[in-house]
Protein chains: 4
Amino acid sequence: MPRKVDRVARQGDILDAAVRVFARKGFAATRIEDVAAEAGIAKGSVYLYFDSRDALLTGAFELYARRTEHVLHDLGDGTGLQRLERLVRGTVDMLAAQPDYARVLLDVWASKPPLDLAALYHEYRAAIGKLLTQAAADGELRAGIDERHAAVIVGAIEGCLVQTLVDPEVSLRDLATPLVRLCVEGIRK
Amino acid sequence: MPRKVDRVARQGDILDAAVRVFARKGFAATRIEDVAAEAGIAKGSVYLYFDSRDALLTGAFELYARRTEHVLHDLGDGTGLQRLERLVRGTVDMLAAQPDYARVLLDVWASKPPLDLAALYHEYRAAIGKLLTQAAADGELRAGIDERHAAVIVGAIEGCLVQTLVDPEVSLRDLATPLVRLCVEGIRK
Amino acid sequence: MPRKVDRVARQGDILDAAVRVFARKGFAATRIEDVAAEAGIAKGSVYLYFDSRDALLTGAFELYARRTEHVLHDLGDGTGLQRLERLVRGTVDMLAAQPDYARVLLDVWASKPPLDLAALYHEYRAAIGKLLTQAAADGELRAGIDERHAAVIVGAIEGCLVQTLVDPEVSLRDLATPLVRLCVEGIRK
Amino acid sequence: MPRKVDRVARQGDILDAAVRVFARKGFAATRIEDVAAEAGIAKGSVYLYFDSRDALLTGAFELYARRTEHVLHDLGDGTGLQRLERLVRGTVDMLAAQPDYARVLLDVWASKPPLDLAALYHEYRAAIGKLLTQAAADGELRAGIDERHAAVIVGAIEGCLVQTLVDPEVSLRDLATPLVRLCVEGIRK
DNA sequence: GATGAATGAGAATTCATTCAT
DNA sequence: CATGAATGAATTCTCATTCAT
């Protein structure tokens, strides 16, 4: 794979540059030229790898989503709640590890169409839903816990992210443990 | 002498129109002319009441914040956890009651304007922090609950909102009870 | 003359206000609203007395021209050069006495059509031409002085005005005597 | 690699086009699009070379000033009055040779931009002042000639220009000789 | 007559996208 | 492949002018 790899690598470079700029000034205020400058290439060259400005945001999100996926799957063994705890903490760690990509989520949420956010979150809720089922089977849950709690847990994670993005006073890593505890104890029998 | 206009009322009308359009197409895709049309006035007239396009977003948020504030204060009597429950449910109800304004939050988060979001959320966390203190005094909390949990609770609320905005499949009202339960049981002794 | 006088007086008031503003910020940067504010009336009221923004500049110039005319005629008795000296000095005094109107000349020169500047200056040159003829008859002039010198003398006056308007370091009153001397000695036999 | 453009040359082309349009319709009535059309480029391309519409006026004036400077310095040998005569005539010739740039002076005078007109005229007066000093040393001047006469001479030149710009009936070249004579004989002993 | 809210034509400016080199 | 000059559609914002009260 000779050319192909180069192409993908270059796309990745540009996307990383774009994400850095997005995180710094927001998508709305980011010009193609800013991204090009950050990537160290010429403005026109961005179009060799991306179809449009919007494609940069889309691409950034997809890259983020891909890097994120493993958190849902590498949960190891244990009870449902143990594995849920790992999922929550793993997600927070992942977000904290790449704050720029996390910041871009705000722009993604505010943006319109071609991003299948619903699918991503659906998948997320489904993964948590499975853990809840397992935990229920393990007899760990109190009564009345259902798939809506999956949405609440996903929400709690994202919401903590919002807090830290909007108020620098709040640190995502600091919130990890309280968040995990709330999610786990909040449903435990 | 031309009719004396109620500036504040007119500003409110325009802001409401703006919020409807923002909710429909997002702030980024909204043109001043769209807002004017929605408000039934001429493009230039918007500028009689707002300095700039950004001022519409800022104004919308501030109006939202003002309408929201009471949720933090009208919590009635009861134990800390009872009052916390009311706060969480009240916030969700308020958000569910004005979904357009809620949608604008996404644009506000993504924007850079001179909006003191940090102050708003700080206030929110402080209000919850006080309830946690009361609950602790009432002996309702398990050990290790501190002000970080206030951030987590605020986050959980906002995060649920994000879920419902990003995925129409999820309904905010449906999440209200699970969210309240998670927040309350997640910290109860 | 009941209404008529009021109307003319009001026009004069507005014109004076306009000239003050023009002198302060230049015609290009002056808004109808600025003039109204300076005159202490409402924006719309300006249109009760003037047809358009341009009409203010036109009106200002015409008022200036009217106030100026007498300088050409009240020259008293004496030789041609004596009367020329009075004309030059009288013009400078008149300009120095109403610096705001003088400043507006710059905008008038730069403006386009409906102002018959050519006629004004033609009249000016004709008046000076007559004095030159008289002076020639009086035997005061050296050979070769003709109507072109009238243009040069008018130019010298206006040019001194430009100097003082463009460079505050130069005072019109200071230039009066040297200017008069140059104009008179420059053509004397 | 796109052709490397000579920025300065291109700026000059645009400036020349701008000056033609300014001379034709005046700065106030000139739109960026007019300039672009005259230069044979697209509206937006003007902004690749100039920051704003005002910058065109500023740039035009500076170009004019640069092209003009040499008149002050290449005066050759001779007595003070001989050299003064050359200066005056040289200036008139220069103005007559580029009537469009001369017309723009009217707009420059009326404008407020960050143009250091005062400095330019100061330099002009200083140059003439030096010639007056020399002429005085050469014993060519009558008593009472000082630096104020330098201002008057500069004024006379500019004023003649105004005459010709404001009244097409008057030709700058026709005024050259009378102007020179007035300036020289007006101060000669 | 006076007012000032409303209008909307018009202009400056920006910037994503294209394409000749 | 890369570049960056050029384009022009799109948008914000201004302000002269109108007119209902």
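Because the structure is predicted, anything quoted here is derived from the model rather than measured. By convention in this document, chain letters (A, B, ...) are assigned in the order of the sequence lines, proteins followed by strands, and residues within each chain are numbered from 1. The figures that follow rest on heavy atoms only: side chains count, while hydrogens, waters and symmetry mates do not.
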Parsed dot-bracket for DNA chain E after applying the Watson-Crick and G-U rules with both distances under 3.5 Å and | for other-strand partners is .||||||||||||||||||||

Roughly, in whole Å, what's the span from [atom1] in [X] to [atom2] in [N]?
X	N	atom1	atom2	result
Arg53(D)	dT13(E)	CZ	P	8 Å
Asp6(C)	dG1(E)	CG	P	9 Å
Arg7(C)	dG1(E)	CZ	P	6 Å
Phe50(D)	dA12(E)	CZ	P	15 Å
Asp13(B)	dA6(E)	CG	P	11 Å

Non-neighbouring partners of [X] that pass side chain to side chain contact (heavy atoms under 4.5 Å, CB included), sequence neighbours left out:
X	answer
Phe50(D)	Gln11(D), Ile14(D), Leu15(D), Ala55(D), Leu56(D)
Ala42(B)	Ser45(B)
Ala118(B)	Asp167(A), Asp116(B)

When you compare the side chain of Arg10(D) with that of Leu48(D), does any pair of heavy atoms fall below 4.5 Å?
no

Give every residue pair that meets the salt bridge (Lys or Arg N to Asp or Glu O under 4.0 Å) criterion with at least one member in residues 59-68 of chain D, sequence neighbours excluded.
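Only Asp16(D)-Arg67(D) qualify under salt bridge (Lys or Arg N to Asp or Glu O under 4.0 Å).
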
Applying salt bridge (Lys or Arg N to Asp or Glu O under 4.0 Å), which residue pairs with at least one partner in residues 26-37 of chain B are found, sequence neighbours left out?
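Matches after skipping sequence neighbours: Lys25(B)-Asp34(B).
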
Contacts of Tyr121(D) meeting side chain to side chain donor-acceptor pair (under 3.5 Å) (sequence neighbours excluded), chain-then-number -> Trp109(D), Glu158(D)

Just to be sure I understand the geometry, which residues of residues 30-48 of chain A put a non-hydrogen atom under 4.0 Å away from DNA chain F?
Ile41(A), Ala42(A), Lys43(A), Gly44(A), Ser45(A), Leu48(A)

Would you say dA5(E) has OP1 or OP2 under 4.0 Å from some side-chain N or O of Tyr49(B)?
no

Taking 4.0 Å as the cut-off, does a side-chain nitrogen or oxygen of Arg10(B) come that near to OP1 or OP2 on dA6(E)?
yes

Just jot down the ring pair (Phe, Tyr, Trp, His ring centres under 6.0 Å) partners of Phe27(B), sequence neighbours excluded, or say none.
Phe22(B)

